**Q** 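The structure under discussion is supplied below as structure tokens; questions concerning it will follow.
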Amino acid sequence: MKLIFLGPPGAGKGTQAVGVSAHLGVPHISTGDMFRMAIKNQTPTGLEAKRYLDAGQLVPDSVTIAMVRERLGMDDCANGYLLDGFPRTVDQAIALDQISAPDTVIDIFVPDERLQSRLTGRRVCGKCQGTFHISKLDDEHTCPICGGELYQRNDDKPETIATRLQAYHEQTEPLIDYYKGNDKRRVVEENRLKTVDGDCKPEDVFKAILATLE
Ligand code: ADP
Ligand code: ZN
């Protein structure tokens, strides 16, 4: 199964991807996590990507596509993948269709006005990369899963959130039409898009995703 999770920042793609990838037995590949790891380890990709992440802008396609191409070539992707945060531009989608075309694209829909508070309240575990909302944490600083230390991502500050939502609407939202098969540059004809309501409890979103995949 080759699966993509589409949706705005804060839609819950990462949270759902953890459960769904375990359920399907395919690797969860988050380009955001890969970039954050590369930055932490100061790799060439990390050094290049850092200023874009800090500004809430997309990393250039050439860098991102090269990173994903390498990742999809690894053995664990032989039976498929679940991509979270890639593609984010039509050029990335075209490249992916040429590398290893996804079967299904799930668009997790959440209205803009709900995203702001989801993002400003988000905390990430430095150890297991789990994400949590402060409204559901007893202790704002400690991961309820692994006990690791929670932090707020640099780009979850209000100034950067606006830039990220703008990047989503301008560069990523056109992928909805692309995956419906409506873009002139399409590589695959068929409609691969399914939409799931992301504005409800995580366990209900999870059930809706599994129902869509049946
Ligand atoms: P979110 O979905 O919450 O915005 P991510 O962790 O997916 O967070 O992405 C964080 C940042 O990583 C993005 O704002 C962007 O700078 C970079 N990034 C992640 N995926 C891509 C991509 N496919 N293309 C370009 N930049 C990306
Ligand atoms: Zn943790």
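The chain is numbered in sequence order, starting from 1. Remember, it's 1-based here, ligands and their atoms both numbered in the order they're listed. Keep in mind that this is a model prediction, so the values were computed, not measured. Any value given below was found using the heavy atoms of this structure, including those in side chains, with hydrogens, waters and symmetry copies removed.
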**Q** Using a 4.0 Å cut-off to any heavy atom of Thr64, which atoms of ligand 1 qualify?
**A**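 Those of ligand 1 that fall under 4.0 Å from Thr64 are 22 (C), 23 (N), 24 (N), 25 (C).
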
**Q** Do me a favour and list the nearest non-hydrogen protein atom to atom 26 (N) of ligand 1 with residue, atom name and distance?
**A**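 Checking every protein heavy atom, the shortest distance to atom 26 (N) of ligand 1 gives Val59 N, 3.0 Å.
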
**Q** Apply side-chain hydrogen bond (donor to acceptor under 3.5 Å, both in side chains) to Asp33 and Gln129, showing your working.
**A** CA-CA 8 Å; Asp33 284 350; Gln129 316 308 324; over 6 Å; no

**Q** To check you understand the geometry: which heavy-atom pair defines the closest contact between Gly85 and Lys13, and what is its length?
**A**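 Distance-wise, the nearest heavy atoms are N-CE, 4.2 Å.
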
**Q** Angle at the Zn ion (ligand 2) between SG of Cys128 and SG of Cys125, to 10°?
**A**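 Roughly 110°, rounded to 10°.
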
**Q** Students should be able to answer this: which protein heavy-atom is nearest to atom 23 (N) of ligand 1, and at what distance?
**A**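 The protein heavy atom lying closest is Gly85 O, 2.9 Å.
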
**Q** Tell me which protein heavy atom sits closest to atom 13 (C) of ligand 1, plus the residue, atom name and distance to 0.1 Å.
**A**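 The closest heavy atom on the protein side is Arg88 NH2, 4.2 Å.
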
**Q** Locate the shortest heavy-atom distance separating Ala93 from Pro87; write the atom from each residue and the value.
**A**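 So the two residues come closest at N-CB, 3.5 Å.
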
**Q** Nearest heavy atom to atom 24 (N) of ligand 1: which of Gln92, Arg122, Gln171 does it belong to?
**A**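 That would be Gln92.
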
**Q** Checking His169 against Asp112 for the side-chain hydrogen bond (donor to acceptor under 3.5 Å, both in side chains) test, could you report, in this order, the C-alpha distance in whole Å, the side-chain angles of both residues, the deciding distance, and whether it holds?
**A** CA-CA 10 Å; His169 289 300; Asp112 265 20; 2.9 Å; yes

**Q** In terms of heavy-atom contacts, does CD of Gln42 have more than 12 from other residues, nucleotides or ligands at under 6.0 Å?
**A**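 Open: at most 12 neighbouring heavy atoms sit under 6.0 Å from CD of Gln42.
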
**Q** How long is the straight-line distance from CZ of Phe86 back to CD1 of Ile29, given to the nearest 0.5 Å?
**A**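 Output value for this atom pair is 10.0 Å.
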
**Q** Which residue holds the protein heavy atom closest to atom 27 (C) of ligand 1, what is that atom called, and what is the gap in Å?
**A**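 The closest heavy atom on the protein side is Phe35 CE1, 3.7 Å.
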
**Q** If you count the non-hydrogen atoms of other residues, nucleotides and ligands that lie under 6.0 Å from CG in Asn182, is the total more than 12?
**A**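 Enclosed: over 12 neighbouring heavy atoms sit under 6.0 Å from CG of Asn182.
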
**Q** Does Thr160 reach the main-chain N or O of Asp155 with its side chain, forming a donor-acceptor pair under 3.5 Å?
**A**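 Side chain of Thr160 to backbone of Asp155: no pair is present.
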
**Q** How large, to 10°, is the angle at the Zn ion (ligand 2) when you draw lines to SG on Cys146 and to SG on Cys143?
**A**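 It comes to 110°.
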
**Q** Between Arg36 and Tyr151, which heavy-atom pair has the shortest distance, and what is it?
**A**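 Scanning both residues completely, I find the closest heavy atoms to be CD-OH, 4.2 Å.
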
**Q** Would you kindly specify which portion of Gln57 sits under 4.0 Å from ligand 1, judged on non-hydrogen atoms: side chain, backbone, both or neither?
**A**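 The answer is the backbone.
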
**Q** Does at least one non-hydrogen atom of Met34 fall below 4.0 angstrom from an atom of ligand 1?
**A**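 The answer is no: ligand 1 sits nowhere under 4.0 Å from a heavy atom of Met34.
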
**Q** Just jot down the ligand 1 atoms closer than 4.0 angstrom to any heavy atom of Arg153, in number order.
**A**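 Per the distance check, 1 (P), 3 (O), 5 (P), 6 (O), 8 (O), 10 (C).
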
**Q** Please state which protein non-hydrogen atom is closest to atom 20 (N) of ligand 1 and give its distance, to 0.1 Å?
**A**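 Answer for atom 20 (N) of ligand 1: Thr31 OG1, 2.8 Å.
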
**Q** May I ask you to list the atoms of ligand 1 that are less than 4.0 angstrom from any heavy atom of Arg36?
**A**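 Those qualifying, in numeric order: 6 (O), 10 (C).
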
**Q** Where's the contact between Leu58 and ligand 1, heavy-atom distance under 4.0 Å: side chain, backbone, both or neither?
**A**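 Both of them.
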
